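Step one of this worksheet: look at the structure below.
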Amino acid sequence: MDSEFLAEKERFVSRLKKHGMKATHQRMAVHEAMFALGHASADMVCEYLISRGGPAVTTASVYNILGELSSIGVYRRRFSSNNKMYFDVTTSPHLHLYDKENHMFKDVFDDELLEMIESRLRRRRFRGYSVDSVDIQLVCHPTRN
């Protein structure tokens with residue numbers, strides 16, 4: 001195991017404790033899978049666990065674990081055009097490219113673009129609404145090059 005994952009594992013266990021949750025084998029396995037995958041659905045996490053000989057965890061349990069971990073801010077939810085919920089390990093502000101053909105997400109870090117958009121939105125008012133955050137997903141398809 002590399003040192004980056006070991007440090008992440010310690011942060012993860014600490015975060016669970018902070019929210020009164022235990023670091024069960026299933027939660028640890030799901031988090032290890034998510035750390036390796038970056039963006040994943042419950043099905044993808046299950047496939048990863050099976051391929052690595054990890055603990056047997058049902059898709060429903062994986063989905064519940066991902067849901068509870070996203071509710072405490074460990075992951076962010078991503079929605080796709082194939083009606084699946086995906087989860088993202090990167091919770092800091094960033095953009096996404098969403099490949100609508102392969103149903104894959106790719107992180108795009110462009111602080112200048114995000115600041116430009118957020119600056120514009122700070123000056124913009126939406127009657128009856130207050131903007132909490134910006135979540136930009138650029139829908140695309142792969143080029144053949």
Side-chain angles (χ1 to χ4, degrees), residues 1-2 4-9 11-16 18-122 124 126-145:
M1 239 179 250
D2 69 351
E4 183 182 359
F5 181 69
L6 289 174
E8 172 54 29
K9 188 175 176 181
R11 284 190 300 272
F12 178 65
V13 170
S14 174
R15 195 167 207 177
L16 290 175
K18 177 183 169 189
H19 290 278
M21 300 168 77
K22 293 182 180 179
T24 64
H25 292 298
Q26 292 86 357
R27 284 185 182 130
M28 297 304 293
V30 166
H31 188 62
E32 182 179 343
M34 284 299 301
F35 191 79
L37 297 169
H39 300 89
S41 67
D43 292 331
M44 293 167 71
V45 170
C46 284
E47 289 171 15
Y48 180 91
L49 293 174
I50 290 167
S51 73
R52 301 291 190 280
V57 185
T58 66
T59 305
S61 293
V62 169
Y63 188 83
N64 289 337
I65 290 168
L66 292 170
E68 69 186 5
L69 295 177
S70 67
S71 73
I72 64 169
V74 175
Y75 310 128
R76 292 191 65 190
R77 288 182 163 103
R78 305 276 350 129
F79 299 98
S80 69
S81 64
N82 66 343
N83 294 321
K84 278 194 175 185
M85 174 81 66
Y86 288 77
F87 296 86
D88 184 0
V89 297
T90 305
T91 58
S92 60
H94 64 288
L95 311 167
H96 284 97
L97 290 179
Y98 172 65
D99 176 344
K100 66 182 181 179
E101 291 180 13
N102 298 300
H103 306 292
M104 295 173 51
F105 293 90
K106 179 177 169 77
D107 290 331
V108 176
F109 298 95
D110 187 331
D111 293 338
E112 184 180 345
L113 178 57
L114 271 176
E115 176 53 37
M116 184 179 72
I117 292 166
E118 289 172 351
S119 174
R120 170 77 170 111
L121 288 174
R122 281 192 289 274
R124 178 82 161 79
F126 301 95
R127 184 179 291 183
Y129 292 94
S130 178
V131 175
D132 295 324
S133 65
V134 176
D135 185 4
I136 298 175
Q137 179 168 292
L138 304 171
V139 180
C140 57
H141 65 276
T143 59
R144 303 298 171 216
N145 298 334

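Since the structure is predicted, the reported quantities are computational estimates derived from the model, not experimental observations.
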Any ion pair linking R144 and E101 (charged N to carboxylate O, less than 4.0 Å)?
yes
Does the ring of F79 carry R77 above it, NZ/CZ under 6.0 angstrom from centre and within 45° of its axis?
no
Is there a side chain to side chain contact (heavy atoms under 4.5 Å, CB included) between I72 and M21 once you walk through the steps?
CA-CA 10 Å; I72 64 169; M21 300 168 77; 3.8 Å; yes
Take a 6.0 Å sphere around CZ of R122 and say whether it holds more than 12 heavy atoms from other residues, nucleotides or ligands.
yes
Of the non-hydrogen atoms in L49 and A29, which two are nearest, and what is the gap between them?
CD2-O, 3.5 Å
Compare all side-chain heavy atoms of F87 with those of V62 and state whether any distance is below 4.5 angstrom.
no
Minimal heavy-atom distance between T90 and R76, with the atoms involved, is O-CD, 4.3 Å
Rounded distance (nearest 0.5 Å) linking atom CE of M28 with atom CD1 of I65
11.5 Å
Counting only heavy atoms not in H19, do more than 12 sit closer than 6.0 Å to its NE2 atom?
yes
Taking atom CD of E118 and atom OG of S133, what is their separation to the nearest 0.5 Å?
9.0 Å
Would you name the heavy atoms of C140 and L97 that are closest together and state the gap between them?
SG-CB, 4.0 Å
Salt-bridge criterion met for R27 and E68 (N-O under 4.0 Å):
yes
Side chains of D99 and P142: does their closest heavy-atom pair fall under 4.5 Å?
yes
Show your reasoning for whether side chain to side chain contact (heavy atoms under 4.5 Å, CB included) applies to R127 and Y129.
CA-CA 6 Å; R127 184 179 291 183; Y129 292 94; over 6 Å; no
Tell me if the aromatic rings of Y86 and H39 count as close, with their centers under 6.0 Å from one another.
no
Could you check whether any side-chain N or O of R78 sits under 3.5 Å from a backbone N or O of S41, counting only pairs where one atom can act as donor and the other as acceptor?
no
Separation of R120 CZ from E115 CD (nearest 0.5 Å)
14.0 Å
Side chain proximity check, M34 to V45, heavy atoms < 4.5 angstrom:
yes
Is there a side chain to side chain contact (heavy atoms under 4.5 Å, CB included) between V108 and H94? Walk through the geometry before answering.
CA-CA 6 Å; V108 176; H94 64 288; over 6 Å; no
With a 4.5 Å limit on heavy-atom distance, are the side chains of Y98 and S80 in contact?
yes
Steps toward side chain to side chain contact (heavy atoms under 4.5 Å, CB included) verdict (L113, D111):
CA-CA 6 Å; L113 178 57; D111 293 338; over 6 Å; no
Quick check: closest heavy atoms across F35 and V89, and the distance to 0.1 Å?
N-CG1, 4.1 Å
Are the side chain of Y63 and the backbone N or O of M85 linked by a donor-acceptor pair below 3.5 Å?
no
Donor-acceptor check, side chain of S70 to backbone of L66, threshold 3.5 angstrom: yes or no?
yes
Measure the spacing between CD1 of I117 and CD of E112 and express it to the nearest 0.5 Å.
11.0 Å
Considering all heavy atoms of both residues, which atom of Y48 and which atom of A33 are nearest to each other, and what is their separation?
CD2-CB, 3.3 Å
Interatomic distance, CG@L95 vs CG@D135, rounded to 0.5 Å, equals 9.0 Å
Would you call the rings of H31 and F12 parallel, tilted or perpendicular, taking 30° and 60° as the class edges?
parallel
If you round to the nearest 0.5 Å, how far is CD of E32 from CG of L37?
10.0 Å
Are a donor atom and an acceptor atom from the side chains of H96 and D88 found within less than 3.5 Å of each other?
yes
